Amino acid sequence: MRLDLLRVRSLWLVAPLVLVALLTIATSARAEQYPPAPKGEDIAFLQLGAVGELVTLELFRAASHSDALGVNEQHTLGRLADQTSQAWRGFNSLLGEGAISREIFAVHLPASVLRSRGETMALAARFERLLSGLYLSGVQSTIDPPTRLLIGNHLLMSTQALTVLRGMRGAKLNLKVPKQLSVEYVGEQFDHYLAIPSA
Amino acid sequence: MKTNHSSKRSPRRLIALVALAVGLLMTAPAAANALTVYAASSLREAFPKMASGNTYNFSGSNELQLQIEHGAPADVFASAAPEEAQDLFQEGLCTRPVTFATNTVVLLVPNGNPGNIKSVYNLRNGSRTLAVGTPGVPIGSYTRQLLARLRLTSILTTNTVTLEKNVGGITAKVALGAVDAGFAYVTDGRIVADRVEVIRLPVWAQPPVRYQACVVKRSGADTAGAEQFMKQLVGKPGRAALKEGGFGLPPSA
């Protein structure tokens, strides 16, 4: 019963975002014939998307082994980690030599966060909100249609993840589409968790 | 008799001594022959600290690459980006390049920050003067990559930009207060620390700045000396000098 309720909630939560994603896909109908070829500042969304996915991946990975979470929760976060890893690798394949690797950026997550279930879930939801907001801006600002389509797909994935996380936190029903967030703001937020290892 | 004998011998001894001296003179310059190192401008402090006896030519990596392609008498080439060294390797003009250092791009402002720049995003307002590397030189290429990632490419048109052929030119203009800001490496900021302030740029947007070096292949090159220099560069003395200069270090081999 509880699970069903969660599923219904999740559907309501994700519905507006699916609509946004479908609109993106519809407007880029012909784009899927061509591989993404980011133009000019399109690269900002791919670069920051890759960085954000890497930071989120590290959190999901750590959380999936955290004793502060139940076995089912660990399993769900493990699945989210796999999905995030796929997104990160997808961006990297487009970034080529500029790919975001752990050699270039080290991710530092506060140990205290990982000791608390509430803080872990809150941070995970925050990261996915940042990513959704970034991708929403990307869908609006990207010049290259196949790149826009790709970002639209990532928007869909991150909002799905956000819905799962909200469900796990027992959050109230929320039908609002995530807020668009600027590259400047999202970059600044993820920067708190990054360092250049060799510097 | 004895004296005579000895006086007979002394010209021989003299000749032997002269021959020895000439021999030493002939061999000494070869041993002390300064190695000629062509290196990126940003290495202008670290390299002489590591090995002071060499002849250095510091300039933009792309310019040095061109000079080597035209037969310049370099023994070692060290570039601020992999492209230049890799190009020479592909052309058969140097050995396989080795990564020996990393760096970070920052925004330098003159002491007192007359342009009142708190963050790179302030440059969106325009009407400031900036020193930026030309697109062909590594610092110019890194700067443009970084600005595209920050969605700030427009600052190159909304501000007055002076293009510099190497990072030394950028640092000098900022240090002299001739511009409001300049994009350079964090290591350049350290060289003129008493005359500039450093504004850090977002970590997430940093391009991977990789320095590579190789032994130049040309007739008459001091290959043995160049190989020795390379050993020193990736070994303890090199890593210590680079670290002192603020460079990042790749994992040691």
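Keep in mind that this is a model prediction, so the values were computed, not measured.
Surrounding CZ of B/R200 are at most 12 heavy atoms belonging to other residues, nucleotides or ligands under 6.0 Å away. Within 6.0 Å of CD in A/Q86 there are 12 or fewer heavy atoms belonging to other residues, nucleotides or ligands. Atom NE2 of A/H108 has more than 12 heavy atoms from other residues, nucleotides or ligands within 6.0 Å.
In this structure, chain B has no heavy atom under 4.5 Å from any part of A/F190. Contacts of B/Q206 with chain A are made by both backbone and side-chain atoms, with heavy-atom separations under 4.5 Å. The contact between B/R124 and chain A is made entirely by side chain atoms (from C-beta outward), counting heavy-atom distances below 4.5 Å. Only the backbone of B/S154 comes within contact range of chain A, with heavy atoms under 4.5 Å apart. For B/P202, the parts sitting under 4.5 Å from any heavy atom of chain A are the backbone and the side chain alike.
If you take OG1 on B/T102 and CD1 on A/I104, they are separated by 10.5 Å, rounding to the nearest 0.5 Å. Here the OG-CD distance, from B/S119 to A/E188, works out to 8.0 Å after rounding to the nearest 0.5 Å.
The side chain to side chain contact (heavy atoms under 4.5 Å, CB included) with B/W204 is formed by just one residue from the set A/V55, A/L54, A/I100, A/L194; it is A/L194.
In this structure, the side chains of B/R151 and A/S141 come closer than 4.5 Å at one or more pairs of heavy atoms.
Closest of all the heavy-atom pairs between A/I196 and B/V203 is CG1-CG1, 3.8 Å. A pairwise comparison of heavy atoms in B/A148 and A/G40 identifies CB-O, 4.4 Å as the closest pair.
A/E41 places no side-chain N or O within 3.5 Å of a backbone atom of B/R149 that could act as its donor or acceptor partner.
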